[in-house]
Amino acid sequence: MTVLSGKKIYLDYNIVSYIVDPIEEGVERIFPDNIAEFISKNSDVVYSPAHMEELCVPYLSGSRGLEDVSDKLLKISNLTEDLSIGPGFRRGMRVVSRMGPFGAHFHHESTLVCFERVYLHRGLNKSAEKGQEDFSNRAADTDVSSVVVNNVDPMSLFGNDGAAQAVMSEYKEILEAGSVVNVKFNIACAEFINEEIRRTLAEGPESPRESFPLIANFHAAVMAMIEAAMKFLTISRFYPEPVAKSRSDMHDITHAIYGAYCDYFVTNDRRFFRKCVAVFEYLGVPCRVMMMSDFIKFCKSEMIGDGVVSS
């Protein structure tokens, strides 16, 4: 028994790729195989549609063929035992737990089925990618130096006059835009989801600070709040991604949204790590964000304590 027993672990896609991508014989993996095996056996490793989106990009561009993608889907399936987190219920899903009728839920679903659904709804991603690119261009059009801002405590940025108002304004705008998208793309139960959006906009929360527990049972609100807080840091020039990486920034936000429901979120992107820690602290998300190197050390100490390896 370790402290990871029964805990849900969300791995950023960069780490998943370290685990599932082929390597040359005799070369040690960046994320050790024994650590991957340990967390797979002793905790619940979770995948999400965000992982499938990142697999879809090279497949759509032609840089990865169906055989390669299928191999990765199988390896992700083995790592996670098909435990996924996502919004909405569909036939064939075996629900493990859910955050409410409109909340995200953990369920067992084939990675192939999830990938096919993401592929079929790729129009949603194209729209989101265009919006993120436009936002990144606007955010970069400033005289504020990220070199200076990166050394500032992000909590002081969130504490500035007008910060909470700016985050809430973006949050409401994202939620309202989401209701339009739900109808445009004929999202399942759009009418009921949009009614919940209207209720949430009318009733609160009044401030983004420590708001996660108040909105955790409504996935659309969680998505909007985390995205709004992330965008605020980008506008403030706190570890911003280059405009050329706007798609990567969008995927980061999506991973942060799904990772927020888990006990541990692990990444190897220090820029993203800094932003994620700040946003989760500000919103009151009870998930521990860790850099990969620290997580590996943490797992090794657990393995020693559990007698899996010797010290």
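These numbers come from the heavy atoms of this one structure, side chains and all, not from hydrogens, waters or symmetry mates.
When every heavy atom of Ile19 is checked against every heavy atom of Ala36, the shortest pair comes out as CD1-CB, 4.1 Å. Of all the heavy atoms in Gly284 and Pro213, the pair that sits closest is O-CD, 3.9 Å. Here the closest heavy-atom approach between residue Asn78 and residue Ser40 is recorded as O-OG, 3.9 Å. When all heavy atoms of Cys276 and Met230 are compared, the closest pair comes out as CA-CE, 3.9 Å. Considering all non-hydrogen atoms of both residues, Phe280 and Ile226 come closest at CE1-CD1, 4.5 Å. Scanning all heavy atoms of the two residues, the minimum distance from Leu4 to Ser43 falls at O-CB, 3.2 Å.
Although no hydrogens or angles enter the test, the distance criterion places no donor-acceptor pair under 3.5 Å between the side chain of Arg270 and the main chain of Met291. Between the side chain of Arg209 and the backbone N or O of Leu283 there is no donor-acceptor pair closer than 3.5 Å. Checking side-chain atoms of Asn42 against main-chain N and O of Phe38 turns up a donor-acceptor pair under 3.5 Å. Between the Glu302 side chain and the Val3 main chain, a donor and an acceptor come within less than 3.5 Å of each other. The backbone N or O of Gln165 sits nowhere less than 3.5 Å from a side-chain atom of Ser169 that would complete a donor-acceptor pair.
Both Val277 and Tyr282 are members of a single hydrophobic cluster when ILVMFWY side chains are connected at heavy-atom separations under 4.5 Å. Leu74 and Leu66 are assigned to two separate hydrophobic clusters, defined by single-linkage of ILVMFWY side chains at heavy-atom distances under 4.5 Å. Hydrophobic clustering keeps Val113 apart from Phe106 (ILVMFWY residues linked when any side-chain heavy atoms are closer than 4.5 Å, directly or through intermediates).
Taking the side chain as every heavy atom from C-beta outward, Thr267 and Asn14 approach each other to under 4.5 Å. At a threshold of 4.5 Å between non-hydrogen side-chain atoms, the residues Cys56 and Phe115 count as touching. By the 4.5 Å heavy-atom criterion applied to side chains, Arg94 and His107 are not counted as neighbours. In this structure the side chain of Leu55 reaches within 4.5 angstrom of the side chain of Leu73, judged on heavy atoms. Annotation: side chain of Met225 is in contact with side chain of Val167 (closest heavy-atom distance under 4.5 Å). Under the 4.5 Å side-chain criterion, counting only non-hydrogen atoms from C-beta, Asp44 is not in contact with Lys7. Taking the side chain as every heavy atom from C-beta outward, Val222 and Asn217 never approach each other to under 4.5 Å. Within the 4.5 Å cutoff, side-chain heavy atoms of Met155 are placed close to those of Glu281.
Tyr239 contributes atom OH, which lies 13.5 Å from atom OG1 of Thr234 (distance to the nearest 0.5 angstrom). Taking CE from Met290 and CD1 from Ile296, the interatomic distance works out to 10.0 Å, rounded to the nearest 0.5 Å. Between His51 atom NE2 and Lys72 atom NZ the span is 14.0 Å, to the nearest 0.5 Å. The SG atom of Cys287 lies 8.5 Å from the CZ atom of Phe212; values are rounded to the nearest 0.5 Å. With values rounded to the nearest 0.5 angstrom, Leu233 atom CG is found 6.5 Å from Leu157 atom CG. Expressed to the nearest 0.5 Å, how far CD1 of Ile174 lies from NZ of Lys172 amounts to 13.0 Å.
Taking a cutoff of 4.0 Å between a charged side-chain nitrogen and a carboxylate oxygen, Asp269 and Arg274 do not qualify as a salt bridge. Salt bridge Asp252/Lys231: absent, no basic N to carboxylate O contact under 4.0 Å. Salt-bridge check for Arg117 with Glu109: passed, with a basic side-chain N closer than 4.0 Å to an acidic carboxylate O. Ion pairing between Lys41 and Glu37 holds under the 4.0 Å rule for side-chain N and carboxylate O.
Summarising the local packing, CD of Glu28 is surrounded by 12 or fewer heavy atoms from other residues, nucleotides or ligands at distances under 6.0 Å. Surrounding NZ of Lys75 are more than 12 heavy atoms belonging to other residues, nucleotides or ligands, all under 6.0 Å away.
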Inset, instruction - Using the side chain to side chain contact (heavy atoms under 4.5 Å, CB included) rule, take Lys300 and Ile35 through it: C-alpha gap first, then chi angles, then the decisive distance, then the call. - result: CA-CA 7 Å; Lys300 285 181 177 179; Ile35 300 294; 3.9 Å; yes
Inset, instruction - Would you sort out whether Lys8 and Phe265 count as a side chain to side chain contact (heavy atoms under 4.5 Å, CB included), showing the intermediate values? - result: CA-CA 9 Å; Lys8 291 182 172 61; Phe265 181 94; over 6 Å; no
Legend entry - Chi angles and distances behind the side chain to side chain contact (heavy atoms under 4.5 Å, CB included) call for Phe238, Val152: CA-CA 8 Å; Phe238 183 77; Val152 173; 5.6 Å; no
Legend entry - Trace of the ring-ring contact (aromatic ring centres under 6.0 Å, His included) decision for His219 with Tyr258: CA-CA 9 Å; His219 185 62; Tyr258 288 119; 5.5 Å; yes
Legend entry - Step-by-step side chain to side chain contact (heavy atoms under 4.5 Å, CB included) determination, Val95 to His108: CA-CA 6 Å; Val95 176; His108 288 284; over 6 Å; no
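Between Phe31 and Phe295, the angle of the ring planes stays under 30°, which puts this pair in the parallel group of the 30/60° scheme. Under the 30°/60° scheme for interplanar angles, the aromatic rings of Phe102 and Phe218 are found to stand perpendicular. Ring planes of His255 and Tyr13: parallel class, angle under 30° (limits at 30 and 60°).
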Determine all donor-acceptor pairs shorter than 3.5 Å in which one atom belongs to a side chain in residues 80-87; sequence neighbours excluded.
from, atom 1, to, atom 2, distance (Å)
Thr80, OG1, Ile76, O, 2.8
Thr80, OG1, Asp82, N, 3.2
Asp82, OD1, Ser77, OG, 2.8
Asp82, OD2, Ser77, OG, 3.4
Ser84, OG, Tyr47, O, 3.3

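Between His105 and Tyr261, the side chains place no donor N or O within less than 3.5 Å of an acceptor N or O (distance only, hydrogens not considered). In this structure, a donor-acceptor pair under 3.5 Å is absent between the side chains of Tyr10 and Asp263.
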